[in-house]
Amino acid sequence: MKIALCTISYRHHLRSFDDLLSYALAEQFDALDVWGVHAKHLQDDEILRLRDHPIEVSMLSHYLSFDAPLSVLLEQTKALSRLGQRIGTRRIRIFAGNKSSQQLTEPERVRLVYQLQGVCKVLDQSKQLLLIEIHPNTAADTIESTERLVREVNHPACRLNFDVLHVVESGADPVTAYRRLEPVIEHLHLKSIARTDQFEVFNPANVYAAGGTRDGMVPLFDGIIDYERFFEELKQALTLKTASLEWFGDSPDEQLKTDCRKVRDVLEKSQLQFI
């Protein structure tokens with residue numbers, strides 16, 4: 001499995017992109033998961049260095065306005081497509097709206113599906129993929145709704161970003177859910193929390209705020225998710241995947257480095273046991 005560093009971990013840090021590339025290479029990350037805000041502001045010389053760098057771009061993580069008219073949504077999609085091409089990735093990650101599956105009326109769901117089909121058609125023209133993230137307060141907030149959404153969109157460019165923590169937040173077992181959704185999983189996000197009453201620490205309104213609480217954010221193997229079991233039981237399925245380490249707390253350099261090394265150790269241990 002390839003391990004990617006999420007540049008969103010540095011959303012509140014003064015850090016040059018060149019320095020971030022050097023750090024990722026030194027700590028043996030395989031890829032960068034580039035936040036759209038960062039991607040938009042990369043200069044031409046930075047893009048050239050990125051293309052010449054041994055670290056690949058695994059995904060462009062950004063957002064689309066599903067409340068906007070379809071013409072506006074498709075223009076946003078075209079802009080994201082161009083941005084993805086510029087930084088060298090086929091994968092464009094978005095959230096499926098801003099309403100939970102339970103809040104969506106049937107007409108709203110039909111409209112969302114139609115919009116997602118349009119987005120997929122735009123991206124498919126450039127041989128790119130749309131990755132819907134499993135995330136609360138979206139149409140992909142449960143395994144059942146996510147599975148249904150992919151089936152309704154019914155387009156080969158429609159894939160999933162499997163966020164392990166949000167899968168657990170939905171009440172599902174991550175190993176069982178992964179096996180159920182495996183044919184359309186393209187990428188993974190990895191993070192954890194200390195207790196099951198702390199999921200709200202990852203609400204966008206909190207996690208994107210410079211002054212938001214970070215209580216409950218813990219290293220990957222110190223939280224509620226049994227990542228050792230996850231990697232052990234899915235070792236074969238994960239072989240060709242890329243998983244991004246998401247860290248929204250303090251000291252991202254130290255924490256990402258530590259989690260990256262531990263993930264590699266667990267994966268190597270699982271591989272040796274398999275052999």
Side-chain angles (χ1 to χ4, degrees), residues 35-37 59-81 91-125 128-174 176-189 191 193 196-209 212 246:
W35 192 29
V37 176
M59 187 163 70
L60 172 64
S61 291
H62 209 54
Y63 322 95
L64 288 172
S65 302
F66 289 98
D67 291 334
L70 183 61
S71 59
V72 173
L73 175 66
L74 295 183
E75 283 304 312
Q76 290 180 349
T77 303
K78 291 174 184 177
L80 271 186
S81 175
R91 302 184 185 103
I92 312 293
R93 187 237 53 185
I94 56 95
F95 295 156
N98 54 17
K99 278 189 176 183
S100 71
S101 57
Q102 289 187 334
Q103 290 177 317
L104 276 178
T105 65
E106 201 56 32
E108 287 174 331
R109 189 175 184 103
V110 169
R111 179 173 182 266
L112 178 61
V113 167
Y114 182 72
Q115 291 171 314
L116 288 169
Q117 288 171 334
V119 171
C120 285
K121 289 175 183 176
V122 169
L123 294 181
D124 193 41
Q125 291 174 357
Q128 293 171 311
L129 301 172
L130 177 71
L131 272 61
I132 297 171
E133 181 162 322
I134 298 174
H135 198 282
N137 299 312
T138 72
D141 57 352
T142 68
I143 304 308
E144 292 74 16
S145 184
T146 301
E147 195 172 46
R148 178 187 168 191
L149 191 65
V150 173
R151 184 172 63 250
E152 290 170 333
V153 173
N154 191 29
H155 194 287
C158 185
R159 307 290 179 85
L160 295 178
N161 182 50
F162 189 90
D163 188 300
V164 180
L165 179 73
H166 294 319
V167 168
V168 172
E169 183 176 1
S170 77
D173 172 72
T176 303
Y178 188 95
R179 287 174 173 154
R180 181 170 171 178
L181 297 170
E182 183 176 357
V184 288
I185 294 173
E186 185 72 22
H187 200 276
L188 294 88
H189 269 171
K191 55 181 176 284
I193 53 170
T196 56
D197 61 351
Q198 295 174 312
F199 287 115
E200 290 188 359
V201 73
F202 286 110
N203 283 353
N206 176 71
V207 84
Y208 294 138
E246 279 194 304

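Predicted model only: the values in this text are computed from it and were never measured. In this chain, numbering begins with 1 at the start of the sequence shown.
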H62 backbone acceptor or donor facing R93 side chain under 3.5 Å: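 Judged by distance alone, yes, a pair lies under 3.5 Å.
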Do you know which of Q128, Q76, Q125 makes side chain to side chain donor-acceptor pair (under 3.5 Å) with S81?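 In the set Q128, Q76, Q125, the residue that makes a side chain to side chain donor-acceptor pair (under 3.5 Å) with S81 is Q128.
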Does any part of the side chain of I132, heavy atoms only, come nearer than 4.5 Å to the side chain of L116, both counted from C-beta? yes
Side chains of N98 and D67: closer than 4.5 Å at any heavy-atom pair?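 Yes, their side chains come closer than 4.5 Å.
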About how many Å separate [atom2] of [Y] and [atom1] of [X], when rounded to the nearest 0.5 Å?
| X | Y | atom1 | atom2 | answer |
| --- | --- | --- | --- | --- |
| R159 | H187 | CZ | NE2 | 13.5 Å |
| T77 | L70 | OG1 | CG | 8.5 Å |
| I185 | L131 | CD1 | CG | 10.5 Å |
| M59 | L129 | CE | CG | 11.5 Å |
| E133 | I94 | CD | CD1 | 9.5 Å |
| L123 | K78 | CG | NZ | 11.5 Å |

How far apart are the closest heavy atoms of [X] and [Y], and which atoms are they?
| X | Y | value |
| --- | --- | --- |
| I193 | T196 | CD1-CA, 4.4 Å |
| N161 | H189 | ND2-ND1, 3.2 Å |
| A139 | L112 | CB-CD2, 3.4 Å |
| C158 | V184 | O-CG1, 4.4 Å |
| S65 | L73 | O-CD1, 3.7 Å |
| C120 | L130 | SG-CD2, 3.8 Å |

Check salt bridge (charged side-chain N to carboxylate O under 4.0 Å, His left out) between [X] and all other residues, then give those that pass, not counting sequence neighbours.
| X | result |
| --- | --- |
| K121 | none |
| R179 | E233 |
| E182 | none |

Return the set of residues passing side-chain hydrogen bond (donor to acceptor under 3.5 Å, both in side chains) with [X] (not counting sequence neighbours), or none when no residue passes.
| X | result |
| --- | --- |
| Q102 | none |
| E169 | H166 |
| D141 | S101 |
| R109 | S145, E152 |

F202/K191 under side-chain contact (heavy atoms from CB on, under 4.5 Å): CA gap, chis, key distance, verdict: CA-CA 10 Å; F202 286 110; K191 55 181 176 284; 3.5 Å; yes
Given side-chain contact (heavy atoms from CB on, under 4.5 Å), test V119 with L80 step by step and report yes or no. CA-CA 10 Å; V119 171; L80 271 186; over 6 Å; no
By ring pair (Phe, Tyr, Trp, His ring centres under 6.0 Å) - contacts of F66 (at least two apart): none
Can you name the residues that form a ring pair (Phe, Tyr, Trp, His ring centres under 6.0 Å) with F199, not counting sequence neighbours?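 Not a single residue meets the ring pair (Phe, Tyr, Trp, His ring centres under 6.0 Å) criterion with F199.
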If you count the non-hydrogen atoms of other residues, nucleotides and ligands that lie under 6.0 Å from CD in E200, is the total more than 12?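 Counting other residues, nucleotides and ligands, CD of E200 stays at 12 neighbours or fewer.
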Check the angle between the aromatic planes of F162 and Y178 and answer parallel, tilted or perpendicular using the 30° and 60° thresholds.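 Perpendicular.
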From CA spacing to verdict: side-chain contact (heavy atoms from CB on, under 4.5 Å), L64, Q115: CA-CA 10 Å; L64 288 172; Q115 291 171 314; over 6 Å; no
For N206, enumerate each residue passing the side-chain contact (heavy atoms from CB on, under 4.5 Å) test, keeping only those at least two apart in sequence or located in another chain. V201, T213, R214
Listed once per pair and sorted, the ring pair (Phe, Tyr, Trp, His ring centres under 6.0 Å) pairs that draw on residues 137-159, sequence neighbours left out: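 Residue pairs with at least one partner in residues 137-159: there are none.
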Sequence neighbours left out, what pairs pass ring pair (Phe, Tyr, Trp, His ring centres under 6.0 Å) with at least one residue falling in residues 93-124?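 As it turns out, the ring pair (Phe, Tyr, Trp, His ring centres under 6.0 Å) pairs with a partner in residues 93-124, which skip direct neighbours, are Y63-F95, F95-H135.
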